[in-house]
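Heads up: the structure comes next, in structure tokens.
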Protein chains: 2
Amino acid sequence: MLSTMQDVPLTVSRILAHGERVHGAAETITWTGGPEPHRRTFAETGARSARLAHALRDELGVRESDVVGTLMWNNAEHVEAYLAIPSMGAVLHTLNLRLPPEQLVWIVNHAADRVLLVNGTLLPLLAPLLPKLPTVEHVVVVGPGDRTVLEGASARAHDYEELLAGRPDTYDWPETDERQAAALCYTSGTTGDPKGVLFSHRSVYLHAMQVNSAESFALTSADIAMPVVPMFHVNAWGLPHASFMAGASMLMTDRFLQPAPIAEMIEAVRPTIAGAVPTIWQGLLAELEQNKRDVSSLSRVIIGGSACPPSLMRAFEERHGVTLVHAWGMTETSPLGTVSYPPAGASGDEAWAYRLTQGRLPASVEARLAAPDGSFAPWDGATAGELEVRGPWIAAAYYGGADADEPLRPEDKFSPDGWLRTGDVGTISPDGYLTLTDRAKDVIKSGGEWISSQELENHLMAHPAVAEAAVVAVPDEKWGERPLATVVLREGAADVGYEELRTFLGERVARWQLPERWAVIPAVPKTSVGKFDKKVLRARYASGELDVTRL
Amino acid sequence: MLSTMQDVPLTVSRILAHGERVHGAAETITWTGGPEPHRRTFAETGARSARLAHALRDELGVRESDVVGTLMWNNAEHVEAYLAIPSMGAVLHTLNLRLPPEQLVWIVNHAADRVLLVNGTLLPLLAPLLPKLPTVEHVVVVGPGDRTVLEGASARAHDYEELLAGRPDTYDWPETDERQAAALCYTSGTTGDPKGVLFSHRSVYLHAMQVNSAESFALTSADIAMPVVPMFHVNAWGLPHASFMAGASMLMTDRFLQPAPIAEMIEAVRPTIAGAVPTIWQGLLAELEQNKRDVSSLSRVIIGGSACPPSLMRAFEERHGVTLVHAWGMTETSPLGTVSYPPAGASGDEAWAYRLTQGRLPASVEARLAAPDGSFAPWDGATAGELEVRGPWIAAAYYGGADADEPLRPEDKFSPDGWLRTGDVGTISPDGYLTLTDRAKDVIKSGGEWISSQELENHLMAHPAVAEAAVVAVPDEKWGERPLATVVLREGAADVGYEELRTFLGERVARWQLPERWAVIPAVPKTSVGKFDKKVLRARYASGELDVTRL
């Protein structure tokens, strides 16, 4: 029996119309590096979003489902693009300005961006690439920057403010189907081509509601939200859309991402909530040791992207009165997966143990742990499995590209019954807290059981003679895979034998997890971002380069 | 371009599975009148909901879209019905046990309930009606009560616990289309037949997300929510579903709705949030003056159903440290429409002025004010119109009944473009706060302008000689309608003429709003619930019964 409720689609234009009208006095506050930040009200943002949509449609010929790229910092104009482009029925494609140029070229061509909005300060990055971007017909330059670098380009150049000038303050936003694409964001995996995730109006809207729920980021019109996370990084974790929905003002960093200006803008504008990766907050902590700034307006800082060092969480809490909150997600999950507030009643060490997990699942994110034997692991806080998730803001596939008829559904990323395989291995406690321990590709699959390479490494590195340890899976005839332990000894440390290390480890993990293969190496090979490069280690083992001792 | 996100429906079974698994230790705490309340965990509730679904399907033959009624107090078993019945694909029909018997009969027959779950203590109410309820095949009795009154009934009688005993703890919940009906609730208007609102899985789910948003009721797993509002009253304002979604425990009153046990259970169980109509809280205030109880665990009490007297809000705040929060909604709006927290920065009298409005609109509830001339009134906080709303949890029509092919869409309730006409007249401020002043049927439509009868009444009743005043619209050749002022004079008050009252009013409202027609009456006729009965007054005027003076 069908219900008799209204069939109203969940669209970005609803968020825009609401923020503009009900929270017209809320502001996007963009740092300028000068004494006064730039302030633009949500009412103005609404009017300017309408002007932008008119310009894109009437002047640049943007039609429904056309892709419009942005190569921009976090600022008021980027918020306008976030709202106007999906609301008019086009697709917002945020470009990661930190990618290697050849990846940017690949991504723009794959998405077939017709128009690019670019901050003037980023023109030196874009201009040399334009000859390789045949789909780009228009480049719209936002803010100051030397436009002469665009001379000779085949794409037409425009100035953002000139384009908007004189156009109507309102736009008759189409009532888009909520399953239509609203935004596009590419993940840059370490292997293979980048993969595009095509968010829907529905997923953006529901995700913003979840961000605003009290159990997640809890935004209200009393907040000033500070997305330090870039707007090209999974929609800035949904903060711009969620802020517009809740009427929370926003503090935008623009290009001022160094610790000193971040400390300065927090003291000046007094945001109540921020979202950032741990490295930024590590830098901020160091800055605050040098130069005293009041950052106590921050009641909570959501930390995602990678696990947050406990020392960092404690330092901010004890020295600056700022609570860092762990969260987990990925581009394919929009990204809100889990947020780690301790449960009611937990305090002291128990609360800290909860806070160091990745967090608790919300109702819209179903999870299961795929064990190596094809079963699903119990939620006992101990049995590990690869995390698979399902929900209305989780990807079912990757964008196939402008020339493809079908989305991409690689087997290692999507289960046959449609769940996303996250590639993360971990446990879930009986009360729904997720703890991640490994990337699936780094786990050792030994006789139907999993051995956590990260756990073995952490224990080994606790031995006084060990500077670094990397554990990788190597093929084993009997067990499928077994761990190989490679260790870098501390300079001047007492001579230590493999037997001693093995005994040390044996006191900390189960016997069947103990490596048989050991090698001392001069240094652990690292990737360009400083992570252990286990591919290289496995290759060295395979080629016989390592001097391996078998115990 | 279609997105590549998962197409996962928003269903009640998702809420059930989530609460059961992630928040298994949360509890439904039901007051028993004895020293210890009854406690049931969400994990147990999940298992028992599965058993209930098995019993309904396998034993009672309930199929998809069948309607299952509940005639129950707020308690743990009613929560099981809330979760199990929609999750299995059937429709939960909550019956208002305060309705006159003939209305109950009409409603059960219109909805064609096949099964009724009834609290044993309510059997004396139900048993005499059963012969008039031919669609009811099964009566399931929950909890203590004399079952002998069911002897001789044609419907089969069952005991709830016996029915559940031994059935499986899990159920393979169907993946229902989110637009399917989940729940049915009838409004009892003062005129005409009751009207059924058929909520969808989608509307229940989105509404629960909104209840849990920080700007609305902000439930988290740290809360104990106390729905004093009955579960037969618009799904207890969504609190049971929202609590299960957020992992908030619940305190249920069962049949103990008198001020003394309510005060006792608040002190004993320490709920953090409650939802109730003002009269209940008025009674509680009086009780607390008599018997000291600690109710300070309540950080917020949502007040809806009718406007809350400011004196009540102030008394709770000042004497008991409890903040009463105004909210507005109706059965047709699921009911969450507006919630009245003052905006950031407001304090003192300004904050109080905001708190006395009906509240601010959330993103999913669009509003407009229909003016008498067919235009829409501006949001200036002054120009009134009839409130019309639109959104994913707002009704588009009423249920036509089991024998009807079409839903009911009366013109006075739904606009041609599909918005709900609320029948409430009021203003909206530039920052999206709604203030209701009148019911549309009580407004005087005079020459294309509206005159608020309530405003005139309030001013008249401020005159020292006036005990009561009721203003109604009467036909007028020139203006369409004009106000007729009827006044009840205070006993022993100085003689007062109409001229004086008119002058008194003229100092407070615009000249064109002043009534020309006046009558002194011995008492204002009242409805059975004590409201002014303006129908009767208009009829008396039309029949010439009133002694009217024209100024």
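Proteins get letters first, then strands, A, B, ... in listed order; numbering begins at 1 in each.
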Could you tell me which portion of [X] (side chain, backbone, both or neither) has an atom closer than 4.5 angstrom to a non-hydrogen atom of chain A?
X: B:I394; result: both
X: B:V365; result: backbone
X: B:I428; result: neither
X: B:L408; result: neither
X: B:A397; result: both

May I ask you to name which of [options] has the most heavy-atom pairs under 4.5 Å with chain A?
options: B:G400, B:S65, B:G391, B:S216; result: B:G391
options: B:H201, B:E332, B:M209, B:M245; result: B:M209
options: B:A396, B:A43, B:G24, B:G247; result: B:A396
options: B:A222, B:A363, B:A246; result: B:A363

Let me confirm one number: the [atom1]-[atom2] distance from [X] to [Y], rounded to the nearest 0.5 Å.
X: A:H18; Y: B:E366; atom1: NE2; atom2: CD; result: 10.5 Å
X: B:R179; Y: A:D7; atom1: CZ; atom2: CG; result: 4.0 Å
X: A:L219; Y: B:E215; atom1: CG; atom2: CD; result: 10.0 Å
X: A:R360; Y: B:S221; atom1: CZ; atom2: OG; result: 4.5 Å
X: B:M5; Y: A:E178; atom1: CE; atom2: CD; result: 13.0 Å
X: A:R202; Y: B:Q6; atom1: CZ; atom2: CD; result: 11.0 Å

**Message:** Please tell me whether B:T4 and A:R409 have a donor and an acceptor in their side chains that are separated by less than 3.5 angstrom.
**Reply:** no
What option among [options] has the most heavy-atom pairs under 4.5 Å with chain B?
options: A:R21, A:E64, A:Q210; result: A:R21
options: A:A181, A:A367, A:A25; result: A:A181
options: A:S429, A:P362, A:S334, A:A182; result: A:P362
options: A:A344, A:A395, A:A218; result: A:A395

Structural part of [X] lying under 4.5 Å from a heavy atom of chain B:
X: A:L206; value: both
X: A:V204; value: neither
X: A:L420; value: both
X: A:S364; value: both
X: A:Y398; value: backbone
X: A:S203; value: side chain

**Prompt:** Any side-chain heavy atom of A:V91 within less than 4.5 Å of one from B:M1?
**Reply:** yes
**Heavy-atom side-chain proximity of B:V22 to A:W379 below 4.5 angstrom** = yes
**Prompt:** More than 12 heavy atoms of other residues, nucleotides or ligands under 6.0 Å from CG of A:D403: is that the case?
**Reply:** no
